[in-house]
Amino acid sequence: MKDTIIELLHSALDTLKTEGIVPGDVAPAIKVDATKDKAHGDYAANLALMLAKPAGKPPREIAARLIDALPKSDAVAKVEIAGPGFINFFASTAAAAEIITRVLNDGDAFGRNDHGQGEKVQVEFVSANPTGPLHVGHGRGAAVGDCISRLLEATGYNVTREFYYNDAGVQIANLALSVAARVKGLEPSDPAWPADGYKGDYIADVAQAYMHGETVTADDREVTASADPDDHDAIRDFAVAYLRREQDLDLKAFGVAFDVYFLESSLYTDGKVEATVKRLVEKGHTYESDGALWLKTTDFGDDKDRVMRKRDGHYTYFLPDVAYHFDKWQRGFTTVIDEQGADHHSTVTRVRAGLQALDAGIPQGWPDYVLHQMVTVMRGGEEVKLSKRAGSYVTLRDLIDEVGRDATRYFLAARRADSQLTFDIDLARSQSNDNPVYYIQYAHARVCSVLRKADSEDKAFDHALAQANLAKLSDEREKNLLNRLAAYPETVERAAKSREPQQVAQYLQDLAAEFHSYYNAVKVMVDDAEIRNPRLALGLAVRQVIRNGLDLLGVSAPEEM
RNA sequence: GCGCCCAUAGCUCAAUUGGAUAGAGCAACGGCCUUCUAAGCCGUAGGUUGCAGGUUCGAGUCCUGCUGGGCGUGCCA
């Protein structure tokens, strides 16, 4: 429908150019928007407003000329000039109802497109170090990163979900020390407890499993505990594998799966860190000072230069980060999205600077970043900072156990990443019946219920009869729903392009609201089959779109509630 | 001090990416179940979009400056 209007406007614009009313060299991007207010029709175009200046005429006059020049179309019932010069289009009922045919024909594919043309895209997210259970912040990253991946897949990209983790550095040494201390029966309150040790109860679980000689499988590794309390290497390897497995169980419970697990240690063993240093030195962007090796990141927009190799010969985290991203580039990902917590935002400039310093033809501003702000968890009107299991933070598992997978995903993904988020457990739980995610799912379940009723009363949906009578969907609420359904593909497109899954959530809430309103006002299961079947078709289309949209969010669409 | 993000109804958040009269849910109040699921609907009330300028036919959205909050500003990750 929208495309039809754009075509009509293009034709009208050409006519005006031919008549010399509009200069021939102007080429405005013709934009048609769905209206918010039904008094403004179904779709509105601002073309006349944009042409006013180049044409040197008042916008309303241009609008009138455009309307005169519009080719006739069965799709348009009425056209009006409104306000400062908007052209409002009223769709004919038959044209509006065509969306149902499209939704039902396309099914699960409705709203998907192939704009990405199979381009390889990598989304890196979560990337938690294996030193403990995933916390709420990781949960937000998991929800947002996975939804962005789903959106990109839905718009034709070939997406790789990647999880990067450090399995070697200082914090892993601390992890090993902590587990070793637990193995020896120490508790965090003991004076002999390691200074930077991890204090959560889960460390005791790891120690116990280690001493029982358990075998754990995580990523592509399988580790059997030696149960030797003095073998620090064995304890470390076991602890890393154990906690990676824990994190994977959390992610699995959350409905998130990764294609690639990338180990920081592999950058060293494969010589990629050394190669990166060598190349940076060769390209002339480094210097030595105070016994350390520095990269002149200030050449690329950083506010101060950064140390790559410390005085003690070890590399800072910054260097493997650059080596890792260079590796991504070499793997052929022209588009890479890093989803991280905003507390790591300072790495953005540095990584990009390091990549530019490599002089490898990597575009400036590569890779893309989506940074999510902090999550605070509230319970009983107070901020919750402690979890029994983790000790110092609220875990993702805590949330899934308390409020459920669907609600947790929805809460974490249905908000803009760049604003801080308050997760109120009381709200998500005690008022769970009024939870937006249930509101949407309920609309889906209601359609399913109507369809079950149709089957049981021997009034099963008749496709041909529905098709023949789609134009009978002329109720105001039915038109609202039809327009809303028609807006779904562009919502997906826009959400994918801007990496904003919350747009899908918002859309679904609007669609569910319109359906609930319709459901209460208009009975579907009427005796007249010529009325009942188009309404059933509308219900089927709504159900399909809710299902498709919830799938993009990784939320289930139950048939009964 | 400097950098990034944020500020919208009492609360949690939206706003078709610059469009017309800023919308939902929760909380409050009043209605609607003998009829397809009341986890719902209808209605009432709630706003100078933090403040002050600017750009534009048009600004919650873009620009500048303030105010307030968060994060960062390691030879930590």
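All chains are named by letter (A, B, ...) in the order of the sequence lines, taking the proteins before the strands, and each is independently numbered beginning at 1. The basis for the numbers below is simple: all heavy atoms, side chains too, and nothing from hydrogens, waters or symmetry mates.
- A/Arg409 places no side-chain N or O within 3.5 Å of a backbone atom of A/Ala414 that could act as its donor or acceptor partner.
- For A/Thr316, the listed nucleotide lying nearest its side chain is B/A77; candidates were B/A15, B/G70, B/A77.
- Heavy atoms of A/Gln441 sit nowhere under 4.0 angstrom from any nucleic acid atom.
- One cannot find a donor-acceptor pair under 3.5 Å joining the base of B/G72 and the side-chain atoms of A/His344.
- Using a 4.0 Å heavy-atom cutoff across all strands shown, A/Ser449 reaches at least one base atom of the nucleic acid.
- Residue A/Glu457 is classed as having no contact, given no heavy-atom separation below 4.0 Å to the nucleic acid.
- Applying the 4.0 Å criterion to OP1 and OP2 of B/C76, one finds that A/Lys310 has a side-chain N or O inside that range.
- With a cut-off of 3.5 Å on both Watson-Crick or G-U wobble distances, the partner of B/G25 is given as B/C11.
- Checked by atom type and distance alone, the side chain of A/Gln420 never pairs as donor or acceptor with a backbone atom of A/His372 at under 3.5 Å.
- Among the atoms of the strands shown, only primed sugar atoms or phosphate atoms (P, OP1, OP2) are found under 4.0 Å from some heavy atom of A/Ala342.
- Judged by the 6.0 Å and 45° rule, A/Arg446 forms no cation-pi pair with A/Phe515.
- At least one side-chain nitrogen or oxygen of A/Arg446 sits closer than 4.0 Å to the OP1 or OP2 atom of B/A38.
- Closest to the side chain of A/Ser419, from the set B/U37, B/A14, B/A77, is B/A14.
- Glycosidic conformation of B/C32 is anti; the angle lies outside 90° of 0.
- Look at A/Tyr442 and you'll find a side-chain N or O under 4.0 angstrom from OP1 or OP2 of B/A39.
- Where stacking is scored as ring centres under 5.5 Å apart with planes under 30°, A/Phe86 registers as stacked on the base of B/A20.
- Within the structure, every side-chain polar atom (N or O) of A/Gln340 is placed at least 4.0 Å from both OP1 and OP2 of B/A77.
- Among the protein residues, A/Ala82 comes within range of the nucleic acid bases, having at least one heavy atom under 4.0 Å from a base atom.
- The nucleotide B/G72 finds its pairing partner in B/C2, both defining distances of the Watson-Crick or G-U wobble pair being shorter than 3.5 Å.
- Across all strands shown, A/Thr422 has heavy atoms under 4.0 Å from sugar-phosphate atoms exclusively, and none from any base.
- Look at A/Lys328 and A/Asp338 and you find a salt bridge, because one of the NZ, NE, NH1 or NH2 atoms lies within 4.0 Å of a carboxylate O, short of that distance.
- Judged by atom type and distance alone, A/Asn88 reaches the base of B/A20 through a side-chain donor-acceptor pair under 3.5 Å.
- Along RNA chain B, the nucleotide nearest to A/Asp33 and the one nearest to A/Ala513 differ in position, and the one closer to the 5' end is contacted by A/Asp33.
- Among the protein residues, A/His40 comes within range of the nucleic acid bases, having at least one heavy atom under 4.0 Å from a base atom.
- Side chain A/Tyr317 to base B/A77: a donor-acceptor pair is found below 3.5 Å.
- Under a 4.0 Å N-O distance rule, the pair A/Arg535/A/Glu478 qualifies as a salt bridge.
- Within 4.0 Å (heavy atoms only), A/Ala44 reaches at least one base atom of the nucleic acid.
- Ring-plane geometry between A/Phe411 and A/Phe423 is classed as tilted, the angle between the planes lying from 30 to 60 degrees on a 0 to 90 degree scale.
- When heavy atoms are screened at a 4.0 angstrom cut-off, A/Asp303 is found touching no nucleic acid atom at all.
- In this structure, of B/A39, B/C41, B/C36, it is B/A39 that holds the atom nearest to the side chain of A/Tyr438.
- Contact annotation: A/Lys53 side-chain N/O to B/C57 OP1/OP2 distance is under 4.0 Å.
- Residue A/Ser517 places at least one side-chain N or O closer than 4.0 Å to OP1 or OP2 of B/C42.
- Pair assignment for B/G65 gives B/C51, based on Watson-Crick or G-U wobble hydrogen-bonding distances that are each under 3.5 Å.
- Among the atoms of the strands shown, only primed sugar atoms or phosphate atoms (P, OP1, OP2) are found under 4.0 Å from some heavy atom of A/Asn129.
- When heavy atoms are screened at a 4.0 angstrom cut-off, A/Arg415 is found touching the sugar-phosphate backbone but no base atom.
- Of all nucleotides present, none satisfies the Watson-Crick or G-U wobble test against B/G46 with each distance under 3.5 Å.
- The side chain of A/Tyr315 places no N or O atom within less than 4.0 Å of a non-bridging phosphate oxygen (OP1 or OP2) of B/A77.
- Side-chain to base pairing of A/Asn46 with B/G19: one donor and one acceptor N or O lie within less than 3.5 Å of each other.
- Aromatic ring pairs are classed by plane angle as parallel below 30°, tilted from 30° to 60° and perpendicular above 60°; the pair A/Tyr261 and A/Phe163 is tilted.
- Contact annotation for A/Lys523: base contact, defined as any heavy-atom pair under 4.0 Å involving a base atom.
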